[in-house]
Amino acid sequence: FETDTKDFGDGKLSDLQKHGNSLLKECSDPDKKRLQALLQGETRTKRVQMVERVRQLGRSNDPNVGDEYEVLSKEIQEKLASLADLLQGRKQFEDEVNHCQHWLNEAEVATSAEIRAPNVGLLEEQLAKYDKLNQEADQMRSDLERIIDQGKAILPTVSEADKLTLSEQLNAIKDRHARIAGLIRDRSNGLKDQLIQCKVTAAKVAESVQFMTGIQAELKELSKPVGSKVEDVQGMLEQYEKILSDLKANKSKLGDLQLGSMGDLQ
């Protein structure tokens, strides 16, 4: 439409005005006035035709032919600029939706495997991974809220079928994000609890190892020959009883520690 209008202004309208201006020199005064009126768009026929074209673009004024062209050209440029902005906004919206879906796909892959972390080092590595995912999920939640707001603004401008499709797409993305973000949050919290427990266990193991080293030293000392006096035997007996008491106390201190998994703790 812009091309047609420009062609009209540069072609037929321009030729008409040039031809009319050349005829003015040869016309009598009455004819000259009439021809000027025609060129300026003041006859009823031209006025009706051009005003009708302007009304088609939402205009209701009554300009002359030259002004008509300028009005049409300006209006078309404004329409094109508005459509370009709308197109850019739609492209940006689609890009953001695609980015969100891409992250959801990657997050699903990252959380698909069960966590297997037999020692503190691997637990810390897994926790760092899920902490990062948790931060990304929070950021994606903010982005998704903005995307949904943009989608609500778009809905009134599309067909009923597209409204349904867009609404279903946004709801599916929102539900999917909530599910994945919940899984990430639960695993992150679980890893933190597990890491704390492992560190407590590791500290107990280290303390127990130190304790057992002391017990072994005491037993080695008691393995020396015993004197012939009753007091010597009585003293050794008391030492053994003390060691036994210490062992019982240490066992109680260890509590529910799974000794079978101690070897995996680093």
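The figures that follow rest on heavy atoms only: side chains count, while hydrogens, waters and symmetry mates do not. From a predicted model like this one, the values you see are computed outputs, not experimental measurements.
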Between [X] and [Y], what is the shortest heavy-atom contact and its length?
X      : Y      : result
Leu155 : Lys163 : O-CE, 2.8 Å
Glu108 : Ile180 : CG-CD1, 3.2 Å
Tyr130 : Ile184 : O-CG2, 3.7 Å
Leu170 : Gly151 : CD1-CA, 3.9 Å
Lys192 : Leu127 : CG-CD1, 3.6 Å
Leu219 : Tyr240 : CD2-CE2, 3.8 Å

* Asked: Stepwise, does the salt bridge (charged side-chain N to carboxylate O under 4.0 Å, His left out) test hold for Glu124 with Lys129?
  -> CA-CA 9 Å; Glu124 289 176 336; Lys129 166 188 170 181; over 6 Å; no
What is the distance from atom [atom1] of [X] to atom [atom2] of [Y], rounded to the nearest 0.5 Å?
X      : Y      : atom1 : atom2 : answer
Asp143 : Cys100 : CG    : SG    : 7.5 Å
Ile196 : Lys199 : CD1   : NZ    : 8.0 Å
Gln150 : Gln92  : CD    : CD    : 6.0 Å
Gln169 : Asn171 : CD    : CG    : 10.0 Å
Ile147 : Gln101 : CD1   : CD    : 9.0 Å
Gln210 : Glu207 : CD    : CD    : 7.5 Å

Heavy-atom distance under 4.5 Å between the side chains of [X] and [Y], does that happen here?
X      : Y      : result
Leu123 : Gln194 : yes
Asn98  : Phe93  : no
Gln197 : Asp193 : no

* **Those residues that, when tested against Leu247, pass side-chain contact (heavy atoms from CB on, under 4.5 Å) (two or more places apart)** => Phe211, Met212, Ile215, Ile243
* Applying side-chain contact (heavy atoms from CB on, under 4.5 Å), name anything that partners Ile148, two or more places apart in sequence or on another chain. => Leu144, Lys152, Lys174
* Do NZ/NE/NH1/NH2 and the carboxylate oxygens of Lys242 and Asp246 come within less than 4.0 Å? ->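 Yes.
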* Asked: Do NZ/NE/NH1/NH2 and the carboxylate oxygens of Lys132 and Glu136 come within less than 4.0 Å?
  -> yes
Answer yes if the side chains of [X] and [Y] hold a donor-acceptor pair under 3.5 Å, and no otherwise.
X      : Y      : result
Arg176 : Asn105 : yes
Asp131 : Gln135 : no
Thr165 : Asp162 : no

* To do: Please test Arg146 against Asp149 for salt bridge (charged side-chain N to carboxylate O under 4.0 Å, His left out), starting from the C-alpha separation and ending with a verdict.
  => CA-CA 5 Å; Arg146 186 179 67 256; Asp149 288 340; over 6 Å; no
* Asked: Side-chain heavy atoms under 4.5 angstrom apart, residues restricted to Ile, Leu, Val, Met, Phe, Trp, Tyr: same cluster for Ile173 and Ile154?
  -> yes
* Asked: Is there a path from Val120 to Ile115 through hydrophobic residues (I, L, V, M, F, W, Y) whose side chains come within less than 4.5 Å of each other?
  ->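 Shared cluster, yes.
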[Y] backbone acceptor or donor facing [X] side chain under 3.5 Å:
X      : Y      : value
Ser188 : Arg185 : no
Ser245 : Glu241 : no
His177 : Ala137 : yes
Ser208 : Lys204 : no
Arg187 : Thr111 : yes

